[in-house]
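None of the values given here were measured: they were computed from a predicted structure. Chain letters run A, B, ... following the sequence lines, proteins first and then strands; every chain starts at 1.
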Amino acid sequence: MPELPEVETIANGVHARVQGQQIVAIWTSGKPQTFKSTETEIAEALTGAIVESVRRVGKTIVLTAGRGPASRNEQKPRPGQVEFLIHLGMTGRLLVSQPEVTLPPHTHAVLTLADGREIRFVDPRRFGRLSIYKPTSGKQGPEAPYKGQGCEPLTISLKEFIALFQGRRTPIKAALLNQSLLQGVGNIYADEALFGAGIRPQRQAGRLTRDELVRLRKSLQAVLRHAIKLGGSSVSDYVDAEGRRGFFQLRHKVYGRAGQPCTVCGTKIRKITLAGRGTHFCPVCQK
DNA sequence: CGTCCCACCTGATTGC
DNA sequence: TGCAATCAGGTGGGAC
């Protein structure tokens with residue numbers, strides 16, 4: 001479901017609402033594949049800890065929790081500090097709710113906070129994953145599971161961006177979706193970015209000109225920033241931490257608009273399958 | 001290693 | 001109306 005702008009919106013929303021709160025209790029559903037760490041490990045790591053921050057890395061939400069006073073150097077992990085990693089998959093939600101609000105179906109984890117509110121992880125399709133990472137565990141500690149992956153699309157330099165696609169024979173759309181190249185770009189924003197840059201999704205990534213890659217990076221960053229500003233895209237049931245829908249779906253130029261006129265030239269938007277995903281483009285504006 | 005394709009799930013929508 | 005087929009914002013593993 002959620003791509004970079006939706007995950008960013010949720011992480012920021014949860015951060016603003018729960019930072020500094022102590023987690024006093026945890027409940028989990030027991031649906032095995034939802035949990036990459038054992039439920040016992042999750043409960044032990046988080047019970048009694050204080051939420052220090054909630055942020056986005058790629059499409060993963062990283063909730064950092066600690067015991068004792070916050071460190072002066074925020075960069076360095078302290079002993080006892082843990083990271084709760086939440087990947088929302090296609091249909092995952094992370095909600096901050098009052099306890100009296102009815103628990104939605106398909107709730108798989110509930111973190112009860114000291115003031116009574118609850119952080120709830122809800123995921124009908126169960127493609128989402130929850131895990132614990134301990135930055136200080138082991139001698140060196142393994143690299144965090146969300147690191148060593150692709151670059152952040154919002155901060156990548158032009159030089160790095162161009163280098164990503166060198167020599168790749170795969171279609172540019174598939175390359176944009178590849179999380180080991182760029183993390184956070186999903187199906188909606190790949191299509192929208194390619195439309196903005198005037199590039200057909202089928203084009204071989206390695207054969208794009210420097211000029212086209214300049215436009216693509218610009219277009220991708222503009223689309224992501226705009227979407228974050230509007231709280232993400234609510235295509236079916238996406239909502240933020242407070243249950244509010246986003247508004248960027250109203251600005252989609254191609255995604256979900258098959259058969260409708262292109263906003264620039266009026267040609268019918270076409271839909272094909274590429275890299276196993278529904279892919280939308282304007283056959284005239286995109287070369 | 002790069003790339004392709006399917007499996008993993010439930011629910012909403014489409015089509016017969 | 002009813003039921004089956006199709007599709008959905010993502011990823012990870014196996015095959016080639």
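Among the heavy atoms of the strands lying under 4.0 Å from A:Tyr255 are primed sugar atoms or P, OP1, OP2 only; no base atom is included. Looking at heavy-atom distances under 4.0 Å, A:Gly276 makes no contact with the nucleic acid at all. Heavy atoms of A:Arg168 sit under 4.0 angstrom from primed sugar atoms or phosphate atoms, though from no base atom. Among the atoms of the strands shown, none is found under 4.0 Å from any heavy atom of A:Lys31.
For C:dG10, the base is stacked against the aromatic ring of A:Phe127, per a cut-off of 5.5 Å between centres and 30° between planes.
Across every strand in view, B:dC9 sits unpaired, with no contact that passes the Watson-Crick or G-U test at under 3.5 angstrom. If you check C:dG9 for Watson-Crick or wobble pairing at under 3.5 angstrom, you find it has no partner at all.
Partner of A:Arg56 under the side chain to side chain donor-acceptor pair (under 3.5 Å) criterion, chosen from A:Glu8, A:His15, A:Gln183: A:Glu8.
Across A:Gln221 and A:Leu154, no two heavy atoms sit closer than the pair NE2-O, 3.5 Å.
A donor-acceptor contact under 3.5 Å is not formed by the side chain of A:Arg277 with the base of C:dA8. Put simply, the side chain of A:Arg126 and the base of B:dC9 share no donor and acceptor less than 3.5 Å apart.
Here A:Gln179 reaches the OP1 or OP2 of C:dT11: one of its side-chain N or O atoms lies under 4.0 Å away.
We find that CD of A:Gln33 is positioned 15 Å from P of C:dT11, with the value rounded to whole Å.
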